[in-house]
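Count residues from 1 along the sequence.
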Amino acid sequence: MTPHRVASWRGIATLLFIGALSMTVLAGCASSPGLEPRQGYVADHTHQSQAYNHRIRYLVLHYTDSEAPRALRTLLGPNVSSHYLVARHPRAEGGVPRVWQLVDENDRAWHAGISAWEDRTQLNDTSIGVEIVNQGPRDTASGRQWQIYPDRQIEAVIALAKDIIRRYDLPPTSILGHSDIAPSRKIDPGPRFPWKRLHEAGVGAWPDDEDIATYRRRFAHCSPTVRQYQRALGAYGYRLATTGVLDEETRNVTRAFQMHFRPANYAGQPDAETAAILWALLARYRPQELMASDLAPPSGCVTPAQEAVDSPRAQRLMR
């Protein structure tokens, strides 16, 4: 064998050895806990920092007024998308409903548009969007009619929402309708969406009946001012300027609030019952906001101390 051929075989043997060694290293990494082979390097996951939070802060529920095949075509792009789509009559798979996932949760879907909640805007960046097949409102000779949500569909929404809430540790006030985060533009998922049923299943916020009754008695003879009412809506999470004027923006936010928490009457007109529900929500989920001086009872009402003592929630906390 010539020296040239000997050198060639030695080179091939060297390459085979390096290849085998690389495969051994990668195999070792694959079998070693916390090591992940990637293109050109190995990521070591054995040290995990606790200084982080989830990008996902909100779960936003919508309706899409198209049946599932058309909704799928629309939501597959290029102009709009959502992370999940729930059919009107979800197909069962192994005894549980099938839900389409259209966008990975780590990616941003285009479902919220111009939106705001609490101190955040552009909620596409921080939310998971769920589209639910429903026709929404239809104007008829007897007035506007809203399509109901079938039980099987709502069961699928509840299962999906509970899974998302568990994985991202979302509080009840982070489970929202599209109309909550864009009240001047959107009305979905509408007044027929069963928010109370979701709350009873562990999804989303709902006021305490005793607190509503307490504030209803109070506001029956001493309603909050428009400025206080706007401030309270903002304290709960709605984006609303505190102007003291009952303007179109305030009516739009009121309509969204009523569709969510008082669907029997969502005309957008503030009243004592709407205020009672709003203050009851603050008492349950944001009690620190009620300590602010601008949400104290107007002149002539009971004092804040008396109100605190009279509140069923305050009495329970004091026991």
**Student:** Stepwise, does the side-chain contact (heavy atoms from CB on, under 4.5 Å) test hold for Asp209 with Ile212?
**Tutor:** CA-CA 5 Å; Asp209 288 341; Ile212 294 175; 4.3 Å; yes

**Student:** Any donor-acceptor pair under 3.5 Å linking the side chain of Arg239 with the backbone of Gly234?
**Tutor:** no

**Student:** Determine, for Glu67 against Arg70, whether the closest basic-nitrogen to carboxylate-oxygen distance falls under 4.0 angstrom.
**Tutor:** no

**Student:** Answer yes when Arg255 and Glu248 have at least one side-chain N-carboxylate O distance shorter than 4.0 Å, and no when they do not.
**Tutor:** no

**Student:** Whether the side chain of Thr254 engages the backbone of Thr250 through a donor-acceptor N/O pair (distance < 3.5 Å, no angle test) should be reported.
**Tutor:** yes

**Student:** Could you walk me through whether Glu289 and Arg231 satisfy the salt bridge (charged side-chain N to carboxylate O under 4.0 Å, His left out) test, starting with their C-alpha distance in whole Å, then the side-chain angles of each, then the deciding distance to 0.1 Å, before giving a yes or no?
**Tutor:** CA-CA 10 Å; Glu289 297 288 349; Arg231 168 72 176 84; 3.2 Å; yes

**Student:** Measure from NZ or CZ of Arg262 to the centre of the six-membered ring of Phe257 and say whether it is under 6.0 Å with the direction within 45° of the ring axis.
**Tutor:** no

**Student:** Where do Gln147 and Arg192 come nearest, in terms of heavy atoms and distance?
**Tutor:** O-CB, 3.7 Å

**Student:** Of all the heavy-atom pairs spanning Asn124 and His111, show the shortest one and how long it is.
**Tutor:** OD1-N, 3.1 Å

**Student:** Are Trp117 and Trp110 co-members of a hydrophobic cluster defined by side-chain heavy atoms under 4.5 Å apart?
**Tutor:** no

**Student:** What I'd like to find out is whether the side chain of Pro207 reaches to under 4.5 Å of the side chain of Trp279, using heavy atoms alone.
**Tutor:** no

**Student:** Can you find a pair of side-chain heavy atoms, one from Ser81 and one from Leu102, that are under 4.5 Å apart?
**Tutor:** no

**Student:** Side chain of Arg98, backbone of Ala92: donor and acceptor closer than 3.5 Å?
**Tutor:** no

**Student:** May I ask you to say whether Arg167 pairs ionically with Glu105, meaning some side-chain N is under 4.0 Å from a carboxylate O?
**Tutor:** yes

**Student:** Tell me if the CZ atom of Arg138 is crowded by more than 12 foreign heavy atoms within 6.0 Å.
**Tutor:** yes

**Student:** Specify whether Tyr266 and Trp146 have parallel, tilted or perpendicular ring planes, treating 30° as the upper limit for parallel and 60° as the lower limit for perpendicular.
**Tutor:** perpendicular

**Student:** Does a side chain donor of either Glu36 or His45 reach within less than 3.5 Å of an acceptor in the other side chain?
**Tutor:** yes

**Student:** Determine whether Arg284 and Glu210 satisfy the following criterion, salt bridge (charged side-chain N to carboxylate O under 4.0 Å, His left out), listing intermediate values before the conclusion.
**Tutor:** CA-CA 11 Å; Arg284 185 168 195 174; Glu210 292 183 351; over 6 Å; no

**Student:** Looking only at heavy atoms, which two atoms of His260 and Asp180 are closest? And how far apart?
**Tutor:** ND1-OD2, 2.8 Å

**Student:** So which atom in Ala156 and which in Val86 form the shortest heavy-atom distance, rounded to 0.1 Å?
**Tutor:** CB-CG1, 4.0 Å

**Student:** Does Asp139 reach the side chain of Gln145, with side-chain heavy atoms less than 4.5 Å apart?
**Tutor:** no

**Student:** For the CG atom of Leu61 and the CG atom of Leu176, what is their distance to the nearest 0.5 Å?
**Tutor:** 8.0 Å

**Student:** Quick one: pull up CG in Asp104 and CD1 in Ile128 and give me the separation to the nearest 0.5 Å.
**Tutor:** 9.5 Å

**Student:** Donor-acceptor check, side chain of Asp188 to backbone of Gly190, threshold 3.5 angstrom: yes or no?
**Tutor:** no

**Student:** What do you reckon, is CD1 of Ile114 surrounded by more than 12 foreign heavy atoms closer than 6.0 Å?
**Tutor:** no

**Student:** Quick one: do Leu246 and Leu240 end up in the same hydrophobic cluster if we chain Ile, Leu, Val, Met, Phe, Trp and Tyr together by side-chain heavy atoms under 4.5 Å apart?
**Tutor:** no

**Student:** If you measure from CD1 on Ile148 to CG on Asn134, what distance do you get to the nearest 0.5 Å?
**Tutor:** 9.0 Å

**Student:** What distance separates Thr243 OG1 from Gln230 CD, expressed to the nearest 0.5 Å?
**Tutor:** 4.0 Å

**Student:** Counting distance only, does the side-chain N/O of Ser82 pair as donor-acceptor with the main-chain N or O of Tyr84 below 3.5 Å?
**Tutor:** yes

**Student:** Using the test side chain to side chain donor-acceptor pair (under 3.5 Å), find all partners of Asp125 that sit at least two apart in sequence or belong to another chain.
**Tutor:** Arg108

**Student:** Identify whether the distance between the nearest side-chain nitrogen and carboxylate oxygen of Arg197 and Asp151 falls below 4.0 Å.
**Tutor:** yes

**Student:** So, the side chain of Thr274 versus the backbone of Pro270: is there a donor-acceptor pair under 3.5 Å, distance only?
**Tutor:** no

**Student:** May I ask you to say whether Glu249 pairs ionically with Arg251, meaning some side-chain N is under 4.0 Å from a carboxylate O?
**Tutor:** no

**Student:** Write down the atom of Pro189, the atom of Trp195, and the distance for their closest heavy-atom approach.
**Tutor:** CG-CZ2, 3.8 Å

**Student:** I need the minimum non-hydrogen distance between Leu123 and Ala116, along with the two atoms involved.
**Tutor:** CD1-CA, 3.9 Å

**Student:** Verify, without hydrogens or angle tests, whether Ser174 (side chain) and Arg57 (backbone) share a donor-acceptor contact under 3.5 angstrom.
**Tutor:** yes

**Student:** Look up atom CD1 in Ile187 and atom NE2 in His178, then write down how far apart they are to the nearest 0.5 Å.
**Tutor:** 11.5 Å

**Student:** Scan side-chain atoms only and decide if Arg218 and Tyr215 contain a donor-acceptor pair under the 3.5 Å cut-off.
**Tutor:** no

**Student:** Measure the CG-CG distance between Leu85 and Leu76 for me, rounded to the nearest 0.5 Å.
**Tutor:** 9.0 Å

